[in-house]
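Only one structure is covered here, and it is reproduced in the block below.
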Amino acid sequence: MPRRKSGQDPLSRRERQIMDIAHRRGRVTIREVLEELPDPPSYSAVRALVGVLEEKGHLRHLADGPRYVYTPTQSRERVRKSALAHLVDTFFGGSKAETVAALLDLGGRELTVAELDDLGEMIEQARKEGR
């Protein structure tokens, strides 16, 4: 079966959960995924989902004796940037300012003085770099 390029296919809720586990742990077995999944399906279902993620190019496996150990094909940072860019494009028309405004407007999540200072420094740095 031809391997698809990573990022082409959107991930299902379960696939995202599995990828979160794989990124958090770095390497996982099917058994470890089962232990961490909320309301886990059967072993066979998880194995099939991991196979789909491997086919999509998000995971790869290494043989470790009789079992396979799966690792993400892309770093968490790269996946985070890609997901954030998709979110900004999809929900905010590509506007970084609207995205930040929405984050600042989240109810019940007040920013600390230190976080506001950090944001101010990032904005000033972006101005200097012409971003």
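Nothing fancy with the numbering, it's 1 onward along the sequence.
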task = Check step by step if side-chain contact (heavy atoms from CB on, under 4.5 Å) holds for Met19 and Leu59.
result = CA-CA 8 Å; Met19 289 307 301; Leu59 291 174; 3.8 Å; yes
message = Set out, in order, the CA-CA distance, both residues' side-chain angles and the distance that settles side-chain contact (heavy atoms from CB on, under 4.5 Å) for Gln125 and Met122, then state yes or no.
response = CA-CA 5 Å; Gln125 185 64 35; Met122 286 183 234; 5.7 Å; no
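Between the CG atom in Leu104 and the CD atom in Glu115 there is a gap of 10.0 Å [rounded to 0.5 Å]. The OG1 atom of Thr71 lies 13.5 Å from the NE2 atom of His58; values are rounded to the nearest 0.5 Å. Note that CD of Glu15 is 4.5 Å distant from CG of Leu53, once rounded to the nearest 0.5 Å. Of the inter-residue distances, the one linking His23 atom NE2 with Arg78 atom CZ reads 11.0 Å to the nearest 0.5 angstrom. Put simply, CD on Glu77 and NZ on Lys81 are 5.0 Å apart, with the number rounded to the nearest 0.5 Å. If you take CD1 on Ile30 and CG on Leu49, they are separated by 9.0 Å, rounding to the nearest 0.5 Å.
Proximity of Arg31 to Arg67: side-chain heavy atoms (C-beta onward) are nowhere separated by under 4.5 Å. No side-chain heavy atom of Gln74 sits less than 4.5 Å from a side-chain heavy atom of Ser82. With contacts defined as side-chain heavy-atom distances shorter than 4.5 Å, the pair Val50/His61 does not qualify. Considering only heavy atoms from C-beta on, Val33 stays 4.5 Å or farther from Arg25 through its side chain.
The shortest non-hydrogen separation linking Pro38 to Gln17 is CG-NE2, 3.5 Å. Between Asp20 and Arg76 the shortest heavy-atom distance is O-NH1, 3.8 Å. Looking at every heavy atom in both residues, Arg60 comes nearest to Pro72 through NH2-O, 3.9 Å.
Follow the hydrophobic side-chain contacts under 4.5 Å out from Ile21 and you reach Tyr70 in the same cluster. Linking Ile, Leu, Val, Met, Phe, Trp and Tyr residues whenever their side-chain heavy atoms come within less than 4.5 Å places Leu11 and Val28 in a single cluster. Under the 4.5 Å side-chain heavy-atom criterion for grouping Ile, Leu, Val, Met, Phe, Trp and Tyr, Val46 is connected to Tyr68 within one hydrophobic cluster.
Under a 4.5 Å side-chain heavy-atom cut-off, the cluster of Ile, Leu, Val, Met, Phe, Trp and Tyr residues that includes Val88 is completed by Leu84, Leu87, Phe91, Phe92.
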